[in-house]
Amino acid sequence: MAKYRIGLGVTGGIAAYKAVEVLRLLQKADCDVSVAMTRHATEFVQPLTFRALTDKHVIVDDYDPENPDPIAHINFSQEIDLLLIVPATANIIGKFANGVADDFLSSTYLATTAKVMVAPAMNTTMWEQPATQRNVAQLKADGVYFVEPVAGELACKTVGTGKLEDVENIVKQALALLETGDRRQETGDVSGSLAPVSDLSKENFLITVGGTREAIDPVRFISNHSSGKMGFAVAEAAAARGAKVTVVAGVTTVEPPANVNVIRAVSAEDMHAAVKAEIAHATVFVGAAAVADYAPANAADAKIKKDGRDVLTLELKKTPDILSEVSKNRHTGMLVVGFAAETNDVVGYARTKMEKKGLDLVVANDITKAGAGFNTDTNIATILTRAGGEIELPLMSKREMADRILDEILLLRKN
Ligand code: PMT
């Protein structure tokens, strides 16, 4: 007898072909898989492929005269342990979230008492649409599990979040859900994430985020392109893993996550003062901010007039190096993590920074790469460890990268 009975729902996206591999991997893991497809999915993959592999009728339409079961959506939905949707389009997510049952798969969702896991895949803009995100949030609240889409190059030749997670990982998560049961019921977590972890519950994070603004006069300033996305992603991930998190946020273009304490700072001087006030409580300091290295030595009190001047010379003075100071004065047990935004010899410069500033970990981003650095939702980086390790992080969402950075911080704690 098969270990688990899985209803594999395939919907109409370019990633539909990957459902074939999911089916094979599930079968290898001793699962009995029945396949249901939406009409649009059949435009991408023939039902015959799934029929040949499962030796079962593949249901697309309840009313199809070839369908051997007159009340298929009821029987199908009652005879499975898991309804797994790969890939899930924005359309099916919308139907599930709103109780629309106008085809076999959406009727099956309404009729099933089995666990439901959804692996979305779509264009980034479609994924990020408030309507899609509303529907996703509704389904998570309804107890549906998500295997979140990942960042990468999409079929439409754009780069962003929306790519189907690796099929091996989808299968791994599906089996973990079946093997471990609904962990959210034990923890009260309704986020839809499979493995609520609190491995950072003993840590207090202090994180600098965003850019700073250095006043030239009351109208003008020197600044940079930092949006705060990377630093806030680290803050969100750390809080999700049980840490207490305070962020000292400079100028950002995105909102801070919930569940973190936010202190605002505009200039490097303000950020320095805020960090000094908070550092005694921190067990981990992360310098994700793009702090201006220089600020005007004497900001003018009134707007500088251009009359009669073809050239304006500004005298700049060095700002306090917050990260170096935190590292130099750290209390026992505190970990100090820096970022490095570089354009050439990325790892070389980052390694020098690590040594100069006495850091435990440096996240080096090459800001010249597409999808990396300032104001992107994704990043590409190398984590450098004090022991000489180099961990390459390929293109992924900043939120995913935040978890990878936290994994390395945790490893430092254990060693
Ligand atoms: O905010 P995003 O748009 O998401 O972009 C993310 C990012 C590219 C800003 C971020 O990932 C990043 O790389 N931040 C560090 C950028 C930077 O200023 O690097 P740096 O090489 O100049 O500084 C090295 C380290 O020293 C950084 O940890 C920085 O926070 C810290 N520093 C620098 C100067 C200073 N006066 N005080 C500091 O603490």
Side-chain angles (χ1 to χ4, degrees), residues 204-235 238 244-257 260-305 312-331 334-342 349-350 352-354 356-363 365 367 373-375:
N204 282 344
F205 274 70
L206 181 61
I207 306 172
T208 62
V209 177
T212 63
R213 261 183 198 175
E214 312 303 330
I216 297 171
D217 67 13
V219 179
R220 304 159 180 114
F221 53 80
I222 299 172
S223 192
N224 57 62
H225 298 290
S226 177
S227 61
K229 289 178 183 177
M230 189 67 241
F232 282 154
V234 176
K244 282 208 186 77
V245 181
T246 295
V247 293
V248 177
V251 180
T252 60
T253 57
V254 289
E255 288 302 309
V260 307
N261 176 30
V262 182
I263 298 166
R264 284 286 175 185
V266 176
S267 65
E269 208 50 82
D270 297 343
M271 194 172 265
H272 180 227
V275 167
K276 265 179 32 182
E278 291 296 318
I279 197 68
H281 312 293
T283 60
V284 182
F285 178 80
V286 181
V291 188
D293 291 312
Y294 290 91
N298 298 295
D301 293 335
K303 183 178 174 187
I304 299 171
K305 293 291 170 197
L312 174 67
T313 306
L314 284 177
E315 197 184 357
L316 303 178
K317 64 170 194 293
K318 240 182 164 182
T319 56
D321 190 323
I322 303 167
L323 186 64
S324 289
E325 193 181 297
V326 166
S327 175
K328 211 165 89 198
N329 301 316
R330 68 171 82 183
H331 50 77
M334 186 172 162
L335 296 173
V336 182
V337 178
F339 271 74
E342 302 292 348
Y349 281 127
T352 307
K353 254 172 217 172
M354 163 174 254
K356 255 184 158 169
K357 301 193 184 196
L359 309 175
D360 295 298
L361 219 64
V362 173
V363 183
N365 350 232
I367 57 166
F374 293 114
N375 200 22

Check: residues 278-287 side-chain donor-acceptor pairs under 3.5 Å, at least two apart:
residue, atom, partner, partner atom, Å
Thr283, OG1, Glu203, OE1, 2.6
Thr283, OG1, Asn204, N, 2.8
Thr283, OG1, Asn204, O, 3.3

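Residues satisfying the side-chain contact (heavy atoms from CB on, under 4.5 Å) criterion with Pro296, sequence neighbours excluded, are Glu214, Ile216, Ile222, Leu316. Scored by the side chain to side chain donor-acceptor pair (under 3.5 Å) test, Thr319 finds no partners at all (sequence neighbours excluded). Legend: residues meeting side-chain contact (heavy atoms from CB on, under 4.5 Å) with Lys305, ordered by chain and number and at least two apart, are Lys303, Asp307. Judged as a side-chain contact (heavy atoms from CB on, under 4.5 Å), and not counting sequence neighbours, the contacts of Ala289 are Thr208, Met271, Val291. By the side chain to side chain donor-acceptor pair (under 3.5 Å) test, Asp293 pairs with no residue at all, sequence neighbours left out. Residues that satisfy the side chain to side chain donor-acceptor pair (under 3.5 Å) test with Lys244, not counting sequence neighbours, are absent from this structure. Take Val254 and apply the side-chain contact (heavy atoms from CB on, under 4.5 Å) test, not counting sequence neighbours, and it matches Lys229, Phe232. Checked against salt bridge (Lys or Arg N to Asp or Glu O under 4.0 Å), Asp360 has the following partners two or more places apart in sequence or in another chain: Arg330, Arg386. By the side chain to side chain donor-acceptor pair (under 3.5 Å) test, Glu325 pairs with His272, sequence neighbours left out.
Pairing each heavy atom of Thr252 with each of Gly210, the nearest pair is CG2-CA, 3.9 Å. For the residue pair Pro257 and Ala235, the shortest heavy atom distance occurs at CG-CB, 4.3 Å. Here the closest heavy-atom approach between residue Val326 and residue Met334 is recorded as CG1-CE, 3.5 Å. The minimum heavy-atom distance between Val362 and Phe339, with the atom names listed, is CG1-C, 4.4 Å. Between Ala249 and Val262, the shortest heavy-atom contact is CB-CG1, 4.3 Å. The two residues Ala274 and Val248 have their closest heavy-atom pair at CB-CG1, 3.7 Å.
Although no hydrogens or angles enter the test, the distance criterion places a donor-acceptor pair under 3.5 Å between the side chain of Asn365 and the main chain of Ala340.
For the atom pair Asn329 CG and Ser324 OG, the distance stands at 10.5 Å (nearest 0.5 Å). Distance check: Glu269 CD to Ile322 CD1 gives 9.0 Å after rounding to the nearest 0.5 Å. In this structure, CE on Met354 lies 10.0 Å from OG on Ser327, to the nearest 0.5 angstrom. Here Asn261 contributes atom CG and Leu206 contributes atom CG; the two are 9.5 Å apart, rounded to the nearest 0.5 Å.
Judged as a side chain to side chain donor-acceptor pair (under 3.5 Å), the pairs with a partner in residues 217-227 (not counting sequence neighbours) are, in order, Asp217-Arg220.
The number of heavy-atom neighbours closer than 6.0 Å to CG of Asn298, taken from other residues, nucleotides and ligands shown, is 12 or below. A 6.0 Å sphere centred on CZ of Phe374 holds more than 12 heavy atoms belonging to other residues, nucleotides or ligands.
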